[in-house]
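Worksheet: one structure, shown below.
Note that the coordinates shown come from a computational prediction; the quantities given were computed from them, not determined experimentally. Start at 1 and go down the list; that is how both ligands and their atoms are numbered.
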Amino acid sequence: MSTPGDFKIHATDGEARRATLTTAHGDIQTPIFMPVGTQGTVKSLTPLDLEEMDAQIILGNTYHLYLRPGDDLVARRGGLHKFANWKRPILTDSGGFQVFSLQEIRKLSEEGVEFRSYIDGSKHFFSPEKAIDIQKNLGSDIMMVLDECVGYGADKDYTNKSLEMTTRWAKRCRDHYPKGSGGQIMFGIVQGGFYKDLREKSLEQLREIDFEGFAIGGLSVGESTKEMYDILHHIAPKMPSDKPRYLMGVGTPLDLLEGVSAGVDMFDCVLPSRNARNGTLFTSQGKINIKRAEFAEDDSPLDPECGCYTCRNFTKAYLRHLYMAKELLSYRLNTYHNLYFYLDLMKQIRAAIENGTFAELKAKYEAAYAKG
Ligand SMILES: CNc1nc2cc(C(N)=O)ccc2[nH]1
Ligand SMILES: [Zn+2]
């Protein structure tokens with residue numbers, strides 16, 4: 001009988017791991033990409049669409065759902081799974097990143113962070129305990145601790161003081177919801193900015209706390225790809241090998257491959273869904289922008305190697321027309337394809353790790369995406 005938080009590794013290929021993570025709403029095959037459902041929906045797609053493309057888990061944003069419709073309202077509706085009719089696993093972030101990245105005015109203290117609602121300007125306060133209570137109300141399968149994601153360029157002294165507070169907050173989160181007190185599991189978040197010694201310090205402090213998994217935070221905050229990969233390869237292999245490693249807010253198809261090569265198991269990013277809405281589409285041959293005039297009378301599918309509904313039923317010419325006409329169906333068909341592409345890439349990655357061909361798969365996509 002498996003328990004939420006069980007993490008079984010089936011195969012490795014270098015640092016890459018092929019594993020299964022158990023949650024209260026089912027098992028997750030890793031490496032995995034999590035479509036972002038900010039307000040309890042992956043924009044323009046239905047749960048059926050997501051099930052069809054084998055999305056195993058989606059991400060919900062605590063900050064947004066707390067402000068609207070309210071975590072207490074969602075709890076009264078039976079929790080986010082019932083409210084959104086999503087029967088598979090959900091990971092919720094703590095809201096910290098949104099508060100630190102979306103809010104100009106906020107007050108940070110040892111107790112927590114005060115901020116104003118972007119909806120009506122009302123004042124709110126997240127303590128570590130409050131952030132966990134909200135996620136308990138939402139009923140997510142994987143909860144994230146409240147942390148401070150320091151901005152790109154933060155000096156070493158500030159970054160050090162911040163990671164120490166993030167560790168104290170992490171301990172408060174775990175004490176507020178002890179391991180095994182319910183079906184929800186909790187991940188700690190490694191911070192430390194772009195200082196390798198501080199990254200190790202953050203990890204060593206968090207390792208003392210009994211989390212079911214560990215995330216790498218504080219990346220994809222404006223740094224160069226080289227800077228991100230440098231930190232990634234430094235810290236990921238040092239994270240507990242018997243627990244899932246989650247890289248937050250990352251990334252492009254090449255970032256996912258690089259992350260897996262560093263030993264990362266889980267990813268989330270708004271890129272595929274957000275880019276879909278501005279016409280940037282990911283294909284096996286690289287990125288294309290559907291609004292380009294060259295596609296106006298192109299009767300070929302978006303990606304001949306893609307098996308998704310969009311590629312099987314529509315031409316580039318029609319997808320360009322929908323985009324130029326600002327038709328709602330453009331969002332839906334483009335998002336369907338981009339997320340299908342990301343999820344299929346992760347399926348290929350899982351198979352490649354199983355048969356020891358991950359390096360070849362990574363090289364194939366690096367060649368296709370070389371032009372950026
Ligand atoms: C899009 N970039 C991104 N960086 C992130 C960092 C965090 C974090 N908690 O440090 C969370 C979400 C993030 N998304
Ligand atoms: Zn497709």
Interfacing atoms of ligand 1 (cut-off 4.0 Å, heavy-atom, [X]):
X	value
D147	8 (C), 9 (N), 10 (O)
Q191	8 (C), 9 (N), 10 (O)
G217	8 (C), 10 (O)
C149	6 (C), 8 (C), 10 (O)
G218	6 (C), 8 (C), 10 (O)
S220	1 (C), 2 (N), 3 (C), 4 (N)

Quick test of your reading of the structure: of S94, C269, G96, G249, whose heavy atom lies closest to atom 1 (C) of ligand 1?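 Answer by nearest heavy atom: G249.
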
Students should be able to answer this: which protein heavy-atom is nearest to atom 4 (N) of ligand 1, and at what distance?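 Among all protein heavy atoms, the one nearest atom 4 (N) of ligand 1 is L219 O, 2.8 Å.
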
Got the closest protein heavy atom to atom 7 (C) of ligand 1, with its distance?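 Residue, atom and distance for the closest contact: F97 CD1, 3.6 Å.
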
Salt bridge (Lys or Arg N to Asp or Glu O under 4.0 Å), that's the test. Do D230 and K196 meet it? Break it down for me. CA-CA 9 Å; D230 205 26; K196 289 178 180 174; 3.4 Å; yes

Using side chain to side chain donor-acceptor pair (under 3.5 Å) as the criterion, point out the one residue from R17, K243, R245 that pairs with D265.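 Output: one option passes, namely R17.
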
Per residue H337, nearest N, O or S atom to the Zn ion (ligand 2) is named ND1

When you measure from the side chain of S202 to the backbone N and O of R199, does any donor-acceptor pair fall under 3.5 Å?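 Absent.
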
Measure up the [X] and [Y] rings against each other and bin them: parallel (under 30°), tilted (30 to 60°), perpendicular (over 60°).
X	Y	value
F211	F214	perpendicular
F341	F282	parallel
Y309	F314	perpendicular

Could you please compute the angle at the Zn ion (ligand 2) from SG of C311 to SG of C308, rounded to 10°?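 SG of C308, the Zn ion (ligand 2) and SG of C311 span an angle of about 110°.
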
In sequence, state the C-alpha distance, the side-chain angles, and the governing distance for K362 and E366, and then conclude on salt bridge (Lys or Arg N to Asp or Glu O under 4.0 Å). CA-CA 6 Å; K362 183 168 184 279; E366 282 169 341; 2.8 Å; yes

Taking the side chain as every heavy atom from C-beta outward, state whether Q29 and D27 have any pair of such atoms under 4.5 Å apart.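 Result yes, sub-4.5 Å side-chain heavy-atom pair found.
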
